[in-house]
Structure formats: structure tokens, C-alpha cells
K.L.:
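Provided herewith is a single structure, encoded as C-alpha cells, for subsequent inquiry.
For clarity, every value in this text was computed on a predicted model and none was experimentally measured.
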Amino acid sequence: MTRVALVTGAGSGIGRSAAIALAEAGFTVVLAGRSRAPLDEAAAEAGRGALALTCDVRDPEAVAALFAEIDASFGRLDVLFNNAGVGAPPVPLEDISLEQWSSVVETNLTGAFLCTQEAFKLMKRQSPRGGRIINNGSISASVPRLRSAPYTAAKHAVTGLTRSTSLDGREYDIACGQIDIGNAATDLTAQMSHGMPQSNGSLAPEPTFDAQHVAAAVLYMASLPLDANVQFLTVMATKMPFIGRG
């Protein structure tokens with residue numbers, strides 16, 4: 001039976017690496033994101049019948065259409081990697097605009113919720129029943145960076161969504177786990193080598209690590225049988241200032 005995986009935010013970074021790793025392992029991969037060109041490039045790199053579909057996960061109608069296309073094309077979904085996410089400028093908390101707050105919460109939290117809802121509908125009725133949902137939590141789901149209230153609040157909430165999804169999916173053979181990632185080397189973390197604000201107010205360079213290791217961890221989680229689950233997994237640069245942060 002063909003195993004089908006959906007990766008959101010798949011046009012670049014962690015999402016792209018995870019989608020390619022899943023495809024190389026034999027999954028039929030659907031790559032979703034807002035921009036068509038990078039999705040097409042990633043799908044071509046993934047090969048093996050990978051399908052690129054544009055979707056803004058903040059839009060309930062777009063999410064419903066995405067899952068309807070997956071259902072029509074494949075008749076099932078085995079893995080959902082809720083990876084789409086955005087950040088806000090690192091400004092003082094009182095200077096964050098409502099628009100900036102809403103953009104982060106709607107993408108990182110509401111988007112994951114909407115995709116999870118649609119995945120539940122499909123995974124419950126497909127045969128064989130069930131599937132796996134993996135949420136990108138980030139280490140900010142546990143400990144914040146300086147001036148990151150929208151991102152940290154949304155990622156803390158993703159942890160609650162992970163736990164509720166895991167519990168609510170249990171009777172339907174839907175497993176849910178979370179991967180918390182710290183300083184994977186992507187375009188978004190390129191500035192870390194030049195200095196990042198620390199909790200004591202200083203600037204210090206931070207180490208990163210190859211995003212391929214994140215992709216391997218996602219693949220491990222995705223490849224487990226449904227009677228086993230990685231509930232939470234942290235993968236991070238060994239020497240990043242996380243343990244002891246604050």
C-alpha cells in the first residue's frame with residue numbers, strides 16, 4: 001500500500017528537507033505552501049510522484065480544498081507534518097502590533113489546528129483506519145527567546161494541541177507527536193553565526209546543525225507503526241544556549 005505524507009511549509013528549510021527524506025523513503029509526498037515556485041522545485045527534487053499544492057494554512061477553505069485534493073488523488077493520508085510557521089520582528093513586547101501577533105498565531109497554531117481537523121476526518125474514514133500527525137513545536141515551545149512573545153505563545157499552544165490530538169486520536173488509531181527543533185541551519189537561521197540577543201542583553205553567535213538531521217528524525221517518527229509513538233522529541237545544536245537558558 002502506498003503511504004501518503006503531507007508536509008506544510010514544504011517549499012524551503014525544514015519542510016523541504018523533510019519532504020525529500022520522506023519521498024526517498026518511499027512515501028508519496030504532498031508538498032504544501034503559499035508560493036508555487038519553491039514548491040515545484042522541491043517536488044521535482046523529491047521525485048517519486050511528489051505533488052505540489054499551494055495552500056495558505058490560515059484559510060479554512062484553502063485547507064479543506066487541500067485535503068479534498070489529497071482524498072481525490074490518493075484516497076488516504078498516512079502522515080501529516082504540521083510544519084508551516086512564521087515569526088515576528090524581535091521588538092519589545094509592547095511594540096508588537098496586533099497584525100504581527102495574529103499572523104504568527106494564525107499560521108503556527110490555527111493553521112496546524114485546521115490541518116489536524118481535516119486530517120482527522122480523512123484518517124477516521126479511510127481503510128486501513130488511522131494515521132500519524134507530527135507537529136513542529138520548536139524549542140520555543142518550552143523556553144522563549146528574548147522578544148519573541150507571539151512565536152513563543154503560539155508554540156506553547158502547539159504543545160497543548162499535540163497532547164489533545166494524541167488523546168482524541170487514540171481511539172481512532174491516530175498517533176500524534178511533536179518535534180522541537182533548535183537552531184537547524186536554514187535561511188531563517190543564517191544570521192545566528194553573526195550574533196543573537198541573549199537573555200542577559202548581550203549578543204553572541206550561536207551554533208547551528210544540518211537540517212538533514214531534522215529530516216531524519218521526522219522520517220523516524222513517520223515510519224513507526226501506529227502502535228508506537230514518539231510523543232516529544234528534541235533535536236538541537238549540541239552547544240546552543242538552550243540548556244541553562246535564562
Side-chain angles (χ1 to χ4, degrees), residues 1-10 15-33 39 42-43 46-57 59-84 109-137 158-179 215-233:
M1 181 184 71
T2 299
R3 297 174 298 170
V4 181
L6 166 62
V7 179
T8 66
R16 182 171 182 153
S17 295
I20 292 168
L22 288 163
E24 290 176 346
F27 285 84
T28 296
V29 180
V30 179
L31 301 90
L39 288 174
R48 299 178 182 271
L51 177 63
L53 296 173
T54 56
C55 177
D56 184 343
V57 297
D59 181 350
E61 293 184 357
V63 172
L66 170 65
F67 279 81
E69 180 69 20
I70 292 170
D71 191 11
S73 298
F74 308 109
R76 66 178 300 103
L77 178 67
D78 297 281
V79 174
L80 163 63
F81 181 28
N82 276 319
N83 171 71
L109 176 60
T110 304
F113 168 71
L114 293 173
C115 289
T116 296
Q117 273 196 318
E118 294 298 326
F120 259 50
K121 294 174 186 176
L122 181 51
M123 289 174 176
K124 280 183 177 183
R125 69 172 184 265
Q126 65 193 17
S127 181
R129 185 180 71 172
R132 186 177 305 278
I133 297 169
I134 302 169
N135 292 329
N136 183 342
V158 166
T159 297
L161 177 63
T162 297
R163 290 185 167 128
S164 286
T165 302
S166 184
L167 181 58
D168 291 353
R170 184 179 295 169
E171 63 180 301
Y172 305 105
D173 302 313
I174 299 172
C176 181
Q178 181 170 310
I179 183 166
V218 171
L219 177 59
Y220 164 66
M221 296 171 75
S223 299
L224 287 172
L226 291 178
D227 61 357
N229 187 43
V230 174
Q231 191 67 65
F232 292 96
L233 184 155

K.L.:
Between CG of Leu233 and CD of Gln178, what distance do you get to the nearest 0.5 Å?
P.N.:
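The CD atom of Gln178 is 10.5 Å from CG of Leu233, to the nearest 0.5 Å.
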K.L.:
Determine yes or no for a side-chain-to-main-chain donor-acceptor pair under 3.5 angstrom, with Gln126 supplying the side chain and Gly130 the backbone.
P.N.:
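Yes: the side chain of Gln126 pairs with the backbone of Gly130.
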K.L.:
Show your working on side-chain contact (heavy atoms from CB on, under 4.5 Å) between Arg3 and Val79 and close with a plain yes or no.
P.N.:
CA-CA 8 Å; Arg3 297 174 298 170; Val79 174; over 6 Å; no
K.L.:
To the nearest 0.5 Å, how far apart are CG in Leu161 and CD1 in Ile133?
P.N.:
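If we round to the nearest 0.5 Å, Leu161:CG and Ile133:CD1 are 8.5 Å apart.
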K.L.:
Between Lys124 and Ile174, is there a side-chain heavy-atom distance shorter than 4.5 Å?
P.N.:
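Answer yes - side chains close enough.
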K.L.:
Is the shortest heavy-atom distance from the side chain of Leu51 to the side chain of Leu31 under 4.5 Å?
P.N.:
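No - every pair of side-chain heavy atoms lies 4.5 Å or more apart.
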K.L.:
Side chains of Gln231 and Ser166, heavy atoms from C-beta outward: is any pair under 4.5 Å?
P.N.:
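Yes, side chains in contact.
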K.L.:
Considering non-hydrogen atoms only, spot the tightest contact between Ala46 and Ala19 and give its length.
P.N.:
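Heavy-atom minimum between the residues: CB-O, 4.5 Å.
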K.L.:
State, to 0.1 Å, how close Val218 and Ala18 come at their nearest heavy-atom pair, and which atoms those are.
P.N.:
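The answer is CG1-CB, 4.3 Å.
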K.L.:
Evaluate the side-chain proximity of Val30 to Val7: yes if any heavy-atom separation is below 4.5 Å, no if none is.
P.N.:
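Counting from C-beta outward, Val7 and Val30 never come under 4.5 Å.
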K.L.:
Would you say the side chain of Leu77 lies within less than 4.5 Å of the side chain of Met123, judging by non-hydrogen atoms?
P.N.:
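Contact flag for Met123/Leu77 side chains = yes.
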K.L.:
Could you tell me whether Asp168 and Arg163 make a salt bridge, using a distance below 4.0 angstrom between a side-chain N and a carboxylate O?
P.N.:
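No.
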K.L.:
What's the separation between atom CG in Leu6 and atom CZ in Phe27, rounded to the nearest 0.5 Å?
P.N.:
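So the gap between those two atoms works out to 12.5 Å.
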K.L.:
Quick check: are there more than 12 heavy atoms from other residues, nucleotides or ligands sitting under 6.0 Å from CZ of Phe113?
P.N.:
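Incorrect, the count does not exceed 12.
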K.L.:
Is there a donor-acceptor pair under 3.5 Å between the side chain of Asp78 and the backbone N or O of Gly131?
P.N.:
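Here the side-chain-to-backbone pair does not exist.
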K.L.:
What distance separates Asp59 CG from Leu66 CG, expressed to the nearest 0.5 Å?
P.N.:
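If I round to the nearest 0.5 Å, the distance is 11.0 Å.
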K.L.:
Considering only heavy atoms from C-beta outward, does the side chain of Ile20 approach that of Glu24 to under 4.5 Å?
P.N.:
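Yes, at least one pair of side-chain atoms sits under 4.5 Å.
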K.L.:
With a 4.5 Å cut-off on side-chain heavy atoms, are Ile179 and Phe232 touching?
P.N.:
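Not touching, per the 4.5 Å side-chain cut-off.
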K.L.:
How many angstroms lie between atom CZ of Phe74 and atom OG1 of Thr28, to the nearest 0.5 angstrom?
P.N.:
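Phe74 CZ to Thr28 OG1: 6.0 Å, rounded to 0.5 Å.
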K.L.:
Considering only heavy atoms from C-beta outward, does the side chain of Pro60 approach that of Gln117 to under 4.5 Å?
P.N.:
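Result no, sub-4.5 Å side-chain heavy-atom pair not found.
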K.L.:
How far apart are the closest heavy atoms of Ala175 and Asn229, and which atoms are they?
P.N.:
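Residues Ala175 and Asn229, closest heavy atoms: CB-OD1, 3.9 Å.
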K.L.:
Taking all non-hydrogen atoms of both residues into account, name the closest pair between Ala84 and Val57 and its distance.
P.N.:
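What the structure gives for the nearest pair is CB-CG2, 4.1 Å.
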K.L.:
With a 4.0 Å cut-off, would you call Asp173 and Arg129 a salt bridge?
P.N.:
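Yes, this pair counts.
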K.L.:
Measure the spacing between CZ of Phe120 and CZ of Arg125 and express it to the nearest 0.5 Å.
P.N.:
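The CZ atom of Phe120 sits 13.5 Å away from the CZ atom of Arg125.
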K.L.:
Among Thr8, Asn136, Thr162, Asn135, which residue meets the side-chain hydrogen bond (donor to acceptor under 3.5 Å, both in side chains) test with Asn82?
P.N.:
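When side-chain hydrogen bond (donor to acceptor under 3.5 Å, both in side chains) is applied between Asn82 and each of Thr8, Asn136, Thr162, Asn135, only Asn135 qualifies.
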K.L.:
Which heavy atom in Met221 sits nearest to a heavy atom in Val230, and how many Å separate them?
P.N.:
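What the structure gives for the nearest pair is CE-O, 3.7 Å.
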K.L.:
Can you see which heavy atom on Arg132 is nearest to which on Leu224, and at what distance?
P.N.:
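Smallest heavy-atom distance, with atoms named: NH2-O, 2.9 Å.
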